[in-house]
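The structure appears below as C-alpha cells.
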Amino acid sequence: MKKKNRVKKNAEFQAVFQKGKSSANRQFVLYSLDKPGQDEFRIGLSVSKKVGNAVARNRIKRVIRQVFTELKQCIDSEKDFVIIARKPCAEMTYEQMKSSLLHVMRRSGMKVPNQEQKEG
C-alpha cells in the first residue's frame, strides 16, 4: 500500500474520529469519513500496546493493509478510514481477520463481497 493511501497526521486522525461514522465488532472499530474530491481512499491504523508486542502489532497492521489492498476496487475512493484493532486480533489467523474486517465494513454500510466469494 502506497504512502499516499495512509492517514498519517494527528489532525487527520482527529477529523475522522470527530466527524466520521463508526461501526464495530469484537475485533475492530472502523471509522469512516467522506472526503469529496479525493482520488483514492486512505486508511489510518491504530493498534495499542495492550494488543501485543511490536511483532504482533506490525503483523496486524500488515494484514489490515493487505485486506484493503485486495478490496481496492470495492472501496469508495472518496473516504478516509481509521481502523482500531482490539485485543482479540492478536490470536487470529489471516482468514479470521479478513472475515472480521469484512463484517465490520458491511456493518458500516460498505458494499464488500462475502467471504465465500473467492476472486479468481
Side-chain angles (χ1 to χ4, degrees):
M1 179 163 283
K2 297 182 181 93
K3 293 250 191 244
K4 67 179 181 176
N5 292 83
R6 296 190 189 169
V7 177
K8 284 291 215 182
K9 296 185 175 139
N10 186 41
E12 295 170 342
F13 270 91
Q14 294 307 317
V16 176
F17 287 138
Q18 291 165 4
K19 299 174 190 163
K21 293 182 170 55
S22 70
S23 59
N25 61 15
R26 285 178 184 260
Q27 294 84 19
F28 297 103
V29 181
L30 174 72
Y31 287 87
S32 61
L33 176 66
D34 291 328
K35 300 278 288 221
Q38 189 168 276
D39 292 342
E40 295 184 41
F41 69 88
R42 299 185 314 160
I43 65 170
L45 303 173
S46 175
V47 185
S48 168
K49 286 186 178 179
K50 293 178 185 176
V51 173
N53 63 11
V55 175
R57 294 193 309 269
N58 287 328
R59 178 183 167 275
I60 291 167
K61 290 188 273 189
R62 280 196 312 273
V63 169
I64 294 169
R65 284 190 207 109
Q66 179 61 35
V67 170
F68 269 80
T69 304
E70 288 175 12
L71 299 172
K72 193 184 294 189
Q73 64 276 11
C74 305
I75 298 172
D76 184 8
S77 64
E78 296 185 340
K79 282 190 184 280
D80 279 356
F81 299 99
V82 173
I83 298 105
I84 301 172
R86 292 179 168 169
K87 214 169 188 171
C89 292
E91 289 88 38
M92 295 172 73
T93 65
Y94 171 80
E95 288 78 20
Q96 290 169 327
M97 265 197 258
K98 182 174 181 177
S99 175
S100 181
L101 268 173
L102 289 171
H103 175 256
V104 80
M105 288 176 180
R106 272 190 232 96
R107 285 187 73 159
S108 72
M110 293 171 60
K111 305 247 185 310
V112 291
N114 288 329
Q115 182 66 14
E116 296 83 40
Q117 298 172 344
K118 301 282 183 193
E119 290 91 33

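When atom types are taken as modelled, the side chain of Asn5 and the backbone of Phe41 share a donor-acceptor pair closer than 3.5 angstrom. Of the possible donor and acceptor atoms, one in the side chain of Arg57 sits under 3.5 Å from a partner among the backbone N and O of Gly52. Judged by distance alone, the side chain of Arg86 and the main-chain N or O of Asn25 form a donor-acceptor pair under 3.5 Å. Of the possible polar contacts, one joining the Thr69 side chain to the Arg65 backbone as a donor-acceptor pair under 3.5 Å is found. Remark: the backbone N or O of Gly37 is paired with a side-chain donor or acceptor of Glu78 at under 3.5 angstrom.
A distance of 8.5 Å separates OG in Ser48 from NZ in Lys87, rounded to the nearest 0.5 Å. The CD atom of Gln14 sits 14.5 Å away from atom NZ of Lys9, with the distance rounded to the nearest 0.5 Å. Atom CG of Leu101 sits about 8.0 Å away from atom CE of Met92, to the nearest 0.5 Å. Note: Tyr31 OH to Gln18 CD = 10.5 Å, rounded to the nearest 0.5 Å. To the nearest 0.5 Å, atoms CZ (Arg42) and OG (Ser77) are separated by 12.5 Å. Note that CD1 of Ile43 is 13.0 Å distant from OG of Ser32, once rounded to the nearest 0.5 Å.
Hydrophobic clustering (side-chain heavy atoms under 4.5 Å, transitive across Ile, Leu, Val, Met, Phe, Trp, Tyr) keeps Val29 apart from Ile83. Under the 4.5 Å side-chain heavy-atom criterion for Ile, Leu, Val, Met, Phe, Trp and Tyr, Ile84 and Val104 are members of distinct hydrophobic clusters. Under the 4.5 Å side-chain heavy-atom criterion for Ile, Leu, Val, Met, Phe, Trp and Tyr, Leu33 and Leu71 are members of distinct hydrophobic clusters. Val67 and Val51 fall within the same hydrophobic cluster, defined by Ile, Leu, Val, Met, Phe, Trp and Tyr side-chain heavy atoms under 4.5 Å apart, directly or through other members. Val47 and Phe17 end up in different hydrophobic clusters when Ile, Leu, Val, Met, Phe, Trp and Tyr side chains are linked at under 4.5 Å.
The closest side-chain heavy-atom distance from Phe81 to Val7 is not below 4.5 Å. Residues Met110 and Leu30 are in side-chain contact: their nearest non-hydrogen atoms beyond the backbone lie under 4.5 Å apart. Put simply, the side chain of Met105 reaches to within 4.5 Å of the side chain of Phe68, judged on heavy atoms.
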Could you check Val55 against Arg59 for side chain to side chain contact (heavy atoms under 4.5 Å, CB included), going step by step and ending with a plain yes or no?
-> CA-CA 6 Å; Val55 175; Arg59 178 183 167 275; 5.6 Å; no
Met97 vs Gln27, side chain to side chain contact (heavy atoms under 4.5 Å, CB included): CA-CA, chis, key distance, verdict = CA-CA 8 Å; Met97 265 197 258; Gln27 294 84 19; over 6 Å; no
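For the pair Gln38 and Glu40, the tightest heavy-atom approach, listed with the atom from each and the gap, is NE2-O, 3.0 Å.
Sparse packing is recorded around CZ of Arg26, with 12 or fewer heavy atoms of other residues, nucleotides or ligands lying under 6.0 Å away.
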